[in-house]
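What you are looking at is a predicted structure, and each value in this text was computed from that prediction instead of being measured. Counting starts at 1 for both ligands and their atoms, following the listed order.
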Amino acid sequence: MDSKLQRVKLSDGHFIHALGYGTYKPQEVPNSETLEATKLAIDAGFRHIDTAYVYQVEEEVGQAIKSKIAEGRVRREDIFLTSKLWCTFHRPELVQHGLKTSLKKLGLDYVDLYIIHSPVSMKPGEELFPTDEQGKTLFDTGDICATWEAMEKCKDAGLAKSIGVSNFNRRQLEKILNKPGLKYKPVCNQVECHLYLNQSKLLDFCKSKDIVLVAYSVLGSHREKKWVDQNSPVVLDDPVLGAMAKKYKQTPALISLRYQLQRGVVALVKSFSEKRIKENIQVFKFQLTSEDMKVLDGLNKNIRYLTLDSTAGHINYPFSDAY
Ligand SMILES: NC(=O)c1ccc[n+]([C@@H]2O[C@H](COP(=O)([O-])OP(=O)(O)OC[C@H]3O[C@@H](n4cnc5c(N)ncnc54)[C@H](OP(=O)(O)O)[C@@H]3O)[C@@H](O)[C@H]2O)c1
């Protein structure tokens, strides 16, 4: 961890900021909110921004970045921008098209990081979530190694500075790492990771292979009804976390974020509120003791909020393995 710049070195030599701003939003929220919130996040000091084709906000994220460049607040090279290859673009001949479509929406000529959003492949086409008449997801066979080779070509073409994966389990990471003729390793694996799903085994494995674990839903996810079981426990309401927040005179959200940074995890966090955006960037201003890190380790319950059940029938569904 580069403490002065709060960045982490990737295996390909590039650096990623330890804290990233997430741009997922529920469909009913207007895209203008993403535009305004992303601008606020850059003003507050966020330099790492996480988006995806499937979030359908790439235009607004690109506009926010370009408006801050035009104001002179940042240069393009100060921003670390991630986008993701959606499941309908897994066929090798579609990968670069997927990235170019994202770049066109962003209005930019490269992303800093392009990652395979999920190992599950879906039927190519315009629909983001293709389904049959019964509402069942239409999958594609999908060979993640062939998709990866096409990702490598995107890096060679200069369209993405770094390439990685998301929602891959250990077996799927190994499949890529052991691929004959591998040119570039995935620099990261972006996965759900918070106090109730601390991913300690996957983290150890990733560290052993110099793959950065990027955590999403660090605060316990957006808890959107469509995706998350409403009866699941709420991370930020945890009493041990609450007591620790009081002890450090911080909020449960900041303790949750700080926990990830201190274990070498890059943490994403999303907020549309100016107050909470400004709060979240305060994570660099305090430190947890190693004893308290152990207490927080002990809160793990292996609760996954985003189980993506509609994709469970695919051969590459990642969450059936223990990690
Ligand atoms: N690769 C993947 O498959 C994947 C999946 C999920 C997410 N992601 C990425 O990770 C990002 C973050 O994950 P997430 O959106 O699930 O949720 P999250 O960062 O865990 O945030 C959850 C909720 O916490 C609230 N919040 C933010 N700061 C807070 C604070 N200081 N105190 C209390 N509440 C606070 C936010 O609401 P307010 O807006 O009201 O503040 C937000 O709705 C996403 O936006 C996306 O970029 C990736």
Open item on the list: Among Arg76, Lys161, Arg47, exactly one meets salt bridge (charged side-chain N to carboxylate O under 4.0 Å, His left out) together with Asp112. Which residue is that?
Closed with: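 One option only clears the test, and that one is Arg76.
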
- [ ] Could you grab the distance from atom OG of Ser162 to atom CZ of Phe80, nearest 0.5 Å is fine?
- [x] 5.5 Å

Task: Rounded distance [0.5 Å steps], CD in Glu174 versus CG in Asn169 - done: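 Atom-to-atom, Glu174:CD and Asn169:CG are 9.0 Å apart.
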
TODO: For Lys136, look at atom NZ and say whether over 12 heavy atoms of other residues, nucleotides or ligands are found less than 6.0 Å away.
DONE: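 Not buried by this count: 12 neighbours or fewer within 6.0 Å.
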
Open item on the list: Tell me whether Lys301 at atom NZ has more than 12 heavy atoms from other residues, nucleotides or ligands lying less than 6.0 Å away.
Closed with: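 It does: Lys301 NZ has more than 12 such atoms within range.
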
- [ ] Write down, by chain and number, every protein residue that brings a non-hydrogen atom to less than 4.0 Å from an atom of ligand 1.
- [x]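 Residues within 4.0 Å of ligand 1: Gly22, Thr23, Tyr24, Asp50, Tyr55, Lys84, His117, Ser166, Asn167, Gln190, Tyr216, Ser217, Val218, Leu219, Gly220, Ser221, His222, Leu236, Ala253, Leu268, Val269, Lys270, Ser271, Phe272, Arg276, Glu279, Asn280, Leu306.
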
Open item on the list: If hydrophobic clusters are built from ILVMFWY residues whose side chains come within less than 4.5 Å, do Phe46 and Leu35 share one?
Closed with: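 Unlinked, Phe46 and Leu35 end up in two clusters.
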
